[in-house]
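The shown structure was predicted, so the numbers you read here are calculated from the model rather than taken from an experiment. These numbers come from the heavy atoms of this one structure, side chains and all, not from hydrogens, waters or symmetry mates. We count residues from 1, following the sequence as given.
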Amino acid sequence: QIKLVESGGGLVQAGGSLRLSCAASGLTFSNYNMGWFRQAPGKEREFVARILWSGGSTYYADSVKGRFTISRDNGKNTVYLQMNSLKPEDTAIYYCAASSRFQTGYDYWGQGTQVTVSS
């Protein structure tokens, strides 16, 4: 019953921006820390960003820090990833994931949305 659905991916030119959304259902959204991950072709999935259940604290991978911003709207059960100054190396499938605020690790994952950045 728990479902995470990403949207907002697409094809953009280097230097452009995209805003990804992840809509959650079937869980008490405010009890979950949320994260964004990505997987590029031929590479392992990597961490991108996370935000605490309250939205008051965020953390980013060094590769995206200063360019990406994670946020959430607990009233809409949605987490966002604003991506600016995109680079070709940002090309990947982006996944959102939910982690219980009372546990470690991510328990639920979305299906992913493709982001392609052309040079």
Side-chain angles (χ1 to χ4, degrees):
Q1 300 291 350
I2 294 175
K3 186 177 181 181
L4 304 177
V5 180
E6 303 95 335
S7 62
L11 174 64
V12 298
Q13 187 172 301
S17 299
L18 283 174
R19 189 193 191 200
L20 306 183
S21 298
C22 174
S25 60
L27 77 169
T28 303
F29 188 68
S30 61
N31 282 342
Y32 285 83
N33 303 322
M34 300 296 297
W36 285 97
F37 296 77
R38 67 187 183 186
Q39 187 167 24
K43 296 185 178 180
E44 297 181 1
R45 183 166 58 189
E46 65 175 342
F47 166 79
V48 175
R50 68 171 177 261
I51 186 168
L52 292 186
W53 63 273
S54 65
S57 183
T58 58
Y59 183 79
Y60 300 90
D62 288 341
S63 59
V64 306
K65 192 172 185 178
R67 300 188 298 119
F68 291 11
T69 302
I70 188 171
S71 61
R72 68 191 295 162
D73 186 338
N74 285 356
K76 295 182 178 180
N77 287 3
T78 301
V79 62
Y80 305 94
L81 185 68
Q82 178 66 47
M83 305 185 295
N84 299 325
S85 302
L86 283 163
K87 305 175 181 179
E89 51 263 45
D90 295 319
T91 295
I93 301 175
Y94 283 71
Y95 302 89
C96 73
S99 173
S100 172
R101 60 179 289 199
F102 307 111
Q103 297 180 249
T104 58
Y106 288 88
D107 302 311
Y108 307 105
W109 297 81
Q111 293 294 112
T113 185
Q114 177 70 48
V115 172
T116 302
V117 184
S118 62
S119 60

Disulfide (SG to SG under 2.5 Å) contacts in which one or both residues fall within residues 60-93, not counting sequence neighbours:
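Pairs touching residues 60-93 that pass the test: none.
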Considering only residues two or more places apart or on different chains, which pairs with a residue in residues 10-119 satisfy disulfide (SG to SG under 2.5 Å)?
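Those involving residues 10-119 are Cys22-Cys96.
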Heavy-atom neighbours of Gln114 CD exceed 12 at 6.0 Å
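Counting neighbours around CD of Gln114, more than 12 heavy atoms of other residues, nucleotides or ligands fall under 6.0 Å, so yes.
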Closer than 3.5 angstrom, by distance alone: can the side chain of [X] be matched with the main-chain N or O of [Y] as a donor-acceptor pair?
X	Y	result
Thr116	Leu11	no
Ser30	Asn74	no
Gln13	Ser118	no

Counting C-beta onward and ignoring hydrogens, is there a side-chain heavy-atom pair between Ser100 and Asn31 closer than 4.5 Å?
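Counting from C-beta outward, Ser100 and Asn31 never come under 4.5 Å.
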Any side-chain heavy atom of Asp90 within less than 4.5 Å of one from Arg38?
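Side-chain contact under 4.5 Å: yes.
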Closest heavy-atom contact between Ser119 and Ala14?
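Heavy atoms of Ser119 and Ala14 come nearest at CA-CB, 4.3 Å.
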Side-chain heavy atoms under 4.5 Å apart, restricted to Ile/Leu/Val/Met/Phe/Trp/Tyr: what other residues fall into the cluster of Val117, or is it alone?
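Members alongside Val117: Ile2, Leu4, Val12, Leu18, Leu20, Leu27, Phe29, Tyr32, Met34, Trp36, Val48, Ile51, Tyr60, Val64, Phe68, Ile70, Val79, Leu81, Met83, Leu86, Tyr94, Tyr108, Val115.
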Between Gln82 and Ser17, does the side-chain contact (heavy atoms from CB on, under 4.5 Å) criterion hold? Intermediate values first, please.
CA-CA 8 Å; Gln82 178 66 47; Ser17 299; 4.0 Å; yes
Does Arg72 form a side-chain contact (heavy atoms from CB on, under 4.5 Å) with Asn77? I'd like the steps, not just the answer.
CA-CA 8 Å; Arg72 68 191 295 162; Asn77 287 3; over 6 Å; no
Assess whether side-chain contact (heavy atoms from CB on, under 4.5 Å) is satisfied between Trp109 and Arg45, documenting all intermediate values.
CA-CA 12 Å; Trp109 297 81; Arg45 183 166 58 189; 3.5 Å; yes
Tyr59 with Phe37, same ILVMFWY side-chain cluster at under 4.5 Å
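Shared cluster, yes.
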Would you verify whether the NZ or CZ of Arg19 falls within 45 degrees of the ring axis of Tyr80 while also being under 6.0 Å from that six-membered ring's centre?
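So Arg19 does make the cation-pi contact.
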